[in-house]
Amino acid sequence: MSGRLKSGGAIDRDEVLRFHFDDREYFGHPGDTLASALLANGVRLMGRSFKYHRPRGLLAAGAEEPNALVRLRSGRAAEPNLRATMVELYDGLVAESQNRWPTLRFDVGEVNSLFAPLFPAGFYYKTFMWPASAWKHYEWAIRRFAGLGRAPEPGDPDVYEHRHAHCDVLVIGGGPAGLAAARRATRAGARVILVDEGAAFGGSLRGNGQAIDDAPGLDWVADVVADIEAAADAVALPRTTAIGYHDHNYVTLLERVGDHLPRPESGQPRRRLWKVRARRVVLATGAIERPMVLADNDRPGVMLASAVQSYLNRQAVKVGERVAITTNNDSAYDVAVQLKAAGVAVPALIDLREEVAPALAERLAAQGIELLLARAVVQVHGKYGVKGVDVMRLAPDGERVSGEVRRLDCDALAMSGGWNPTVHLFSQSGGRLAFDETLGAFLPGTGGQPAAVVGAAAGRFDLAACLADGDAAGLAALEAAGITRKGRMPQGPAAEASTAGTPPRNLWQVPTGPGKAATAKRFVDLQNDVTASDLALAAREGYRSIEHVKRYTTTGMGTDQGKTSNVNALGIVAGTLGQEISAVGTTTFRPPYTPATFGAIAGRHTGLNLDPIRRTPMQAWHEAHGAVFEPVGQWLRPRYYPRAGEDMAAAVNREVKATRTSLGLLDATTLGKIDIQGQDAAEFLNRIYTNGWKRLGVGRCRYGLMLHEDGMVFDDGVTARLGENHFHMTTTSGNAGAVLSWLESWLQTEWPELRVYCNSVTEQSAVAGVSGPNARLLMESLGGDLDFSPEAFPFMTWQDGTLAGLPARVFRVSFTGELSYEINVAASLGTALWETLMRAGAAWDITPFGTEAMHVLRAEVGFIIVGQETDGTVTPIDLGLEAMVSGAKDFIGKRSLARADTARGNRRQLVGLLPEDPYLVVPEGAQIVERAGMAPPVPMIGHVTSSYFSPNLGQAFAMALVEGGGARHGETVQVCWDGRSAPAKLCPPKFLDPDGSRARA
Amino acid sequence: MTKYSLLSLVRNAGRGHRDWREAWRSPEPKPSYDALIIGGGGHGLATAYYLASEHGLTNIAVLEKGWIGGGNTGRNTTIIRSNYLEDASSRLYDHAVDLWEGLSRELNFNVMFSQRGVMNLAHNEHDVRELRRRVHANQLNGVDAEWLWRDEVQAFCPVLNCDPAARYPILGATLQRRAGVARHDAVAWGYARGADRRGVDVVENCEVTGFIIRNGEVRGVETTRGEIRAPKIGVVTAGHSSVMATMAGLRLPIESHPLQALVSEPIKPILDTVVMSNAVHVYVSQSDKGELVIGAGADLYNSYAQRGSFPVIEETVRALVELFPFTSRLSMLRSWGGIVDICPDASPIISKTPVRGLYFNCGWGTGGFKATPGSGWVFAHTMARDEPHSLNAPFTIERFHSGALVAEHGAAAVAH
Amino acid sequence: MLLITCPWCGVREEHEFACGGEAHIVRPLDSHTLDDAEWADYVFMRRNPKGVQYERWVHNDGCRRWFNMARHTVSHEILAIYKVGEPKPEFEG
Amino acid sequence: MLDAHLRLSSLAHLGLAARSIEEAGDAGIALGEVPRRVALTLRGDGEDAAFLDAVGRALGTAPPLTANTVASLEDVVILWLGPDEWLVNAPAAREDALQALRSALGDLHHAVADVTESRTVLRLSGASARDLLAQGCSLDFHPSVFQPGMCAGSHLALTHVTIHQIAEDPVYEIHVHRSFADYLWRWLEAASEPYGLAVVTG
Ligand SMILES: Cc1cc2nc3c(=O)[nH]c(=O)nc-3n(C[C@H](O)[C@H](O)[C@H](O)COP(=O)(O)OP(=O)(O)OC[C@H]3O[C@@H](n4cnc5c(N)ncnc54)[C@H](O)[C@@H]3O)c2cc1C
Ligand SMILES: NC(=O)c1ccc[n+]([C@@H]2O[C@H](COP(=O)([O-])OP(=O)(O)OC[C@H]3O[C@@H](n4cnc5c(N)ncnc54)[C@H](O)[C@@H]3O)[C@@H](O)[C@H]2O)c1
Ligand SMILES: Cc1cc2nc3c(=O)[nH]c(=O)nc-3n(C[C@H](O)[C@H](O)[C@H](O)COP(=O)(O)O)c2cc1C
Ligand SMILES: [Zn+2]
């Protein structure tokens, strides 16, 4: 039975923490993880596997844990799939096991195990194909079995934060190697960030009790961390995982700020995403121990030797009373000795190797631990917990076992199949890996970014070497960052160098024993239930590339991404194919290193902050007056202003009618405005717009169309000539930024000889558009120095002046087809202007109108909206605006208009559309066909771009793009949508005031 | 070749699965073939399969520089649909959907085509107009399509955030019920197995490094495994199309960009359809294994690196958390990138070239997985007959000269 | 995530910039003399190299200047950054 | 003369005045809106001596030519935005100086655009000011890199800003486009939660 020792460990026995796992209450201490606390309480069964629902306990003590995944917390704070090994215990913690029903112990899903012979890797590709219609049902069933935890609930109660950071040296991993590097860099005054995903620094020192500078290793750790914390420009972040290593030394870190607490401290985020730009990176990420692939190696109680050691030293938890150990390398000998010293029985240490250094053997002998050389564990007994193991002699070729089966009674098995340097981040950084035959592991090779890999991550498993390595990397980083050392450099830390050991015996699968044991499952990927025979099957079936093997068997695709399994899988595949491991290669390491919360990646940009909301100076007025808003680019513009009892149609009709018959008021602030100055400004516009600009008089305005080089309309707007060399361009609201970039790109890269400056002045002015037959009366009533008579202030001109005491620039342009003035005032005066207009306009029942009414009004007079009548495939000629296309000059897009297809006569052209049913507002986006009642595929000749009810016309009307439509006015076509169709007559796209006299009034 | 079935599975289980044959051989390339396909992605393998099965050309080979399916076929979010705007595209993609429906049985390999429906969300009036335009066009073209208003969207996909006060509220959505997802790797493997069975050599680890062209006619290729001759060569190399074009002295209107995707940790079923949003850029489905498969955006610069930048992931995840608030406490498991071949009009090129006997099938960009069977089918026809099928006739390279583009920006604006 | 040294502002994060695609494509002055294919070559056809690409970038959030960059499209290594009008540096690959 | 109270700041609807206090106390962040000042975008050739001269004559100081720096004389401040672009700031009362600028530049190739209303300026200070900026901005604000007298355009919380450090403490001025000011203010307010926020008069 597992349990807690009376003394030792980095836990606080004086404080007792209560927690729940699957409805049972347990107790633990600060310093515990959920995993260690459960073990201390004698709990071993912690989860069920993905496919066969086999009972599972802990394999590891760190981030590599594949089995013990729990759902933590409850309600909206619940989070699935957390590794119990990484969950720090707090008082009141609630956790639940997953992937089981109804309970962890009695899980119905376990029946899957019975059918396991039918479910080898990739079985689903071979079946469930008949009958065709049945796949739906099969799939439904498959899905119920899949997945691990349950989805969280919406309504996350916590917040997440981002943090940009810059440093000279980013040290990833706070074990001896990383600490040595960080210490060196910090002492020289460098900007250092040191991170470790553990709850405390020390890395393997926390678990193995090694000494540094002749003192307990953890004392040295405390000193180094204190140094860093005291330094002005260094930070040490525990509970922080480097999740991604991107281009140009950009590293993302995920800090668990509040996860170890019942709830994050007030105001603090739960997690924080760091985005670090480091001049140098030191990767000191350590190494992960490999399990051994042996029969029933997934039973609760079969654990990595380093995990057994870590639980012992960190939390004073013994994983069992009798712990057998099996290894292929030297590192497990310490574990045996320490277990024994803690009063745990160690029935034997079973080493695959034929011989080991005499010193090691002697250490065991001194403790009275039996050493079994050239032996292997061929079977683990026990279902919910280890009951014993069978040991046999291993043949020199490692392919067979022989001799007598020796049963060892034990309640846990500690195993060490060697060590894999944690090269994930190095590989992500673009570095190549090299396979080391002796270690049986991939080591960092060449390439990558400005970084050094040190310590166990570089395949150095000796403490003294790790310290020296780290220290040297710290120095090198200083040099690379150009930091001169301050003062006398301290000595590097020292530790006793270990004596040369015996190389590991790399055996990728331990042969199975005789009889029934021969078919026992030897798990490689514990989480995804991938066995040695699955891998062999895949190779046999021709899935030879390791990438195919991965995808066919799903090995390494679980939440642990194969941290403990990938190299074993490779070894087995290479063996099956008779290839070198180096030739097989690894699968690709990808971010994140360990799973990263989506909420943290989203940070504070959720809800309304998903995207900035832009506000006009009059926004508060619109809000106060009940406007309904719609997003236009990042703006929220009033769509209409409903009065009590009005629906949208009623409100829009009222607004349209009021504007056409008396006076309307529109917030037009959002239009893009670009100030264009310079002696070549007119020439520049000539190249940008389709029409001519050189002869436009100062004081006048002109409508322009811009094309992309492919000849298609890109933007439009009115541009005014403010001076000989000075223009004021307006653009559509959504395109303002794109147009300015467009102009700059031409000026700077193609035509640098043009002397022109473009500046955005969009935000400078508030713009109120007054529109309607009474607009002039209103303007005149405001008082000021402007003469609004048609002669003094004709259509398509502008003037500066004072209006109701406000300095203003007034453009007499019209988008509604009515007599209109666009009044520009300083943005800060927007509300003052608006309120003045509302007050003064009351005499004419001035009516604020929104974008919807604006759309109706402009459509009545046939004005287009870019992005509505156009969609990137429409030329000016298609729009009937050939008069605006200059023949006399070149302009962007001109040549494209002459291409065979673009010059074709029967392209889709803009027309008006009058439904025969005058009250039928056909949907925008409805298609147009020649005749009703045809069966699909029905040839479509066009589509509806805009469609409204016009209270002025007293009928519905629309605009459309129709093949050859320009020549088909008067003909009847069918408008089709959702299985309906309605006849409508084509007409010129001008429904009201075709000669434009109202705007010119 | 063992036929796959429940029966054969049971029989093999009895023998410890020791007798399964390889799904496709690994032959040495021959010095010459009747035709070559360059690129062992889904499209290339499908082309080979249909050349063999529909046109009787069996002395052919697929040359793949790495492992089959290792390009975009193996890294896409597997969305299959045919609700494209233009007649030409909807016909082509719908033909593919027809083929998808029978594909598992045709190949005797379960590609798990799951018709769980695809929704495209509208978040503003412009989206509504454009998406409905597409629905109406689809209906008239005989492509199944429906328009759902907000309440119907909510009912169809209860976990979506349909709050009208959202920053970009959901106003409605298109729904294509016949659409869905499939198991991407199985598509490559299934076609490879099917082609292999008909005699096609699927040659992996064989990179084409040059073309042998004489008098404007293609004669063969140089590869890392020697020269291979053939009078007809189809290039189906997706992200690497420009590289191949350069080797052949041609220019293409294509740029290669990184497109990223990611998966969440696996969770119990919660999302039974596919959701795509253009304005709030993300697309999401849940695989049969339980992970959410999430499509991100493309980086704006050219790259052949099969990895993208982190800001693209951030942007996608923001959208994910907004549309599916439950994901806030869920974790990203893995992210990766592919190299997509983007055409200016967001439509593919399936075309003859100025070099006789040399054909290109490329430009599928962010959305070609769905077309895999259809693309292979028409390309096989084009290669076998030396003239396009009517379904792919509009998708020539010459359309960029004449201006007769097949503009699918709206339908393709979300990478999918 | 590139780290770009704007020739004016210095080292900045990629997200402050926008990429404008292939550089050194000169707009034909006599476009009316080109046939459709030649014109399409200018408008649509791109080198799209696997290797060193010469491309235009603009520092949108900073100085708003366009500049040129030589960047490797596999390693993403930035080989050179130079101002518009400066000669194009030659790189292998 | 225009009635000054007619002018509304882009943050008027937030009622900041009522929340403002004189001293930040122990809040980690002090944030306030800077009163309206005159602002001009100035464009011209930084390598043209005549241009530099003319600006110098009109404003008393030539525009800074070193990237990301600020030149100032008394209350006129010129921020470098680009090699041919500067932002000139002056108190509202100094409109005259700016008129002088326009006339001084005369026929030289240049542009001056009034952007007084275009930007809202926030003043940020407090012990946690750098931490707050680091939440949303990728610039390096370390005192060895970014110092008083420096300015830079960048992104803060998804919006374009120009950040100008005006004092060692540090004190920053953040210029944000007016239409984004409300969004940015509320974002900063939320992001200040871990440190404590005092709204101050700018
Ligand atoms: C992240 C992402 C998400 C996507 N999501 C979707 C989606 O949801 N729905 C959808 O329909 N589409 C999607 N796509 C697009 C889709 O993946 C592709 O359009 C499609 O898979 C292309 O298939 P292919 O066979 O043409 O190319 P690939 O699968 O890329 O195959 C091309 C092959 O050519 C090989 N090759 C290249 N050069 C050579 C050479 N010189 N010699 C030999 N071989 C060579 C490559 O190694 C590769 O295997 C997505 C793409 C990505 C990257
Ligand atoms: N005897 C053996 O075979 C053997 C094998 C391995 C290690 N060791 C011993 O282990 C020590 C190795 O020291 P070291 O400093 O190289 O490694 P370490 O294992 O002590 O420390 C590595 C640290 O990196 C952290 N880490 C890993 N990935 C991370 C990430 N992505 N983000 C944040 N933190 C991350 C881990 O939490 C760990 O604390 C030496 O003492 C060595 O003797 C011995
Ligand atoms: C639809 C789909 C689902 C995937 N699901 C998983 C998964 O559950 N676990 C996993 O580790 N990777 C998953 N992947 C990602 C692959 O592991 C891999 O990253 C991807 O195929 C790209 O290949 P590469 O990363 O080897 O370059 C999935 C990929 C796709 C296309
Ligand atoms: Zn710059």
Side-chain angles (χ1 to χ4, degrees), chain A residues 79-81 117-118 120 123-129 139 142-143 146-154 156 246 537 541-542 545 547-548 551 559 590-592 595-599 601-602 605-606 608 610-611 630-631 872-873 899-902 923-927 936-938 940 943 976-977, chain B residues 4-6 9-10 13 17 20 22-24 67 70 104-105 109-110 114 124-126 129-130 132-133 136-137 139-142 167-168 185-186 265-270 288-290 309-310 314 317-318 320-322 325-336 402-404 407 409-410:
Chain A
E79 191 176 5
N81 300 342
L118 282 182
F123 72 96
Y124 30 75
Y125 301 125
K126 297 187 174 120
T127 182
F128 302 139
M129 287 177 273
E139 189 181 31
I142 290 173
R143 285 171 85 83
L148 281 169
R150 274 179 294 130
E153 289 175 25
D156 190 338
H246 304 268
L537 172 66
E541 288 196 86
S545 158
E547 299 287 3
H548 282 152
R551 288 160 177 81
T559 63
R590 293 281 192 184
T597 330
F598 287 123
I601 297 172
H605 294 288
T606 57
L608 288 183
L610 176 68
D611 195 29
E630 69 164 334
T873 68
R899 294 173 305 179
D901 189 76
T902 319
E924 289 170 352
Q927 295 289 336
V938 184
M940 285 164 261
H943 69 276
C976 296
W977 71 98
Chain B
Y4 291 159
S5 68
L6 187 58
L9 200 60
V10 172
H17 296 290
W20 290 110
E22 56 193 356
W24 65 93
W67 40 286
S104 294
R105 267 152 301 127
F109 201 100
N110 192 348
S114 171
N124 55 44
E125 295 304 319
H126 178 266
R129 183 184 311 120
E130 290 306 315
R132 294 187 77 193
R133 173 180 169 198
H136 303 142
Q139 290 170 345
L140 291 168
N141 269 324
R167 174 71 180 91
Y168 288 106
D185 298 318
E265 294 186 338
I267 46 172
K268 295 291 174 198
I270 184 154
D288 287 348
K289 242 173 81 229
S309 71
F310 189 69
E314 281 183 85
V317 169
R318 286 202 289 272
L320 173 76
V321 172
E322 169 70 7
F326 76 85
T327 60
S328 179
R329 291 179 92 89
L330 192 65
S331 285
M332 165 162 101
L333 173 59
R334 187 176 172 99
S335 63
W336 65 91
S402 70
H409 289 288

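The sequence lines fix the lettering, A, B, ..., with proteins before strands; numbering per chain opens at 1.
- Residues A:Pro152 and B:Leu330 have side chains in contact (heavy-atom distance under 4.5 Å, counting atoms from C-beta outward).
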Steps toward side chain to side chain contact (heavy atoms under 4.5 Å, CB included) verdict (B:Phe310, A:Ile601): CA-CA 10 Å; B:Phe310 189 69; A:Ile601 297 172; 4.3 Å; yes

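- With chain A as partner, the option from B:Gln139, B:His17, B:Glu130 having the largest number of non-hydrogen pairs under 4.5 angstrom is B:His17.
- Side-chain atoms of A:Asp901 and B:Ser402 form no donor-acceptor pair, as typed in the model, at a separation below 3.5 Å.
- Contacts of B:Leu9 with chain A are made by both backbone and side-chain atoms, with heavy-atom separations under 4.5 Å.
- With sequence neighbours excluded, no residue forms a salt bridge (Lys or Arg N to Asp or Glu O under 4.0 Å) with B:Lys268.
- Under the 30°/60° scheme for interplanar angles, the aromatic rings of B:Phe109 and A:Tyr125 are found to lie parallel.
- Using a 4.5 Å heavy-atom threshold, the side chains of B:Pro266 and A:Thr559 count as touching.
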A:Glu541 vs B:Trp24, side chain to side chain contact (heavy atoms under 4.5 Å, CB included): CA-CA, chis, key distance, verdict: CA-CA 8 Å; A:Glu541 288 196 86; B:Trp24 65 93; over 6 Å; no

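- Remark: the B:Ser114 side chain and the A:Glu139 side chain contain an N/O donor-acceptor pair separated by less than 3.5 Å.
- With a 4.5 Å cut-off on non-hydrogen atoms, A:His246 touches chain B through its side chain but not through its backbone.
- When the candidates B:Ala407, B:Ser5, B:Ser335 are compared by the number of heavy-atom contacts under 4.5 Å with chain A, B:Ser335 comes out ahead.
- Only the side chain of A:Glu630 comes within contact range of chain B, with heavy atoms under 4.5 Å apart.
- Residue B:Arg318 holds its CZ atom at 7.0 Å from CG of A:Leu610, rounded to the nearest 0.5 Å.
- In this view, B:Ala137 and A:Gln927, A:Met940, B:Leu85 satisfy the side-chain contact (heavy atoms from CB on, under 4.5 Å) rule, not counting sequence neighbours.
- Residue with the most contacts toward chain A among B:Ser104, B:Ala13, B:Gly142, B:Pro269: B:Pro269 (heavy-atom pairs, distance under 4.5 Å).
- Contact check for B:Arg133 versus A:Glu924: no side-chain heavy atoms found under the 4.5 Å cut-off.
- Residues B:Ser328 and A:Thr597 come closest through the heavy atom pair O-CG2, 3.2 Å.
- With contacts defined as side-chain heavy-atom distances shorter than 4.5 Å, the pair A:Phe598/B:Met332 qualifies.
- Using a 4.5 Å cut-off on side-chain heavy atoms (C-beta onward), A:Phe128 and B:Leu6 make no contact.
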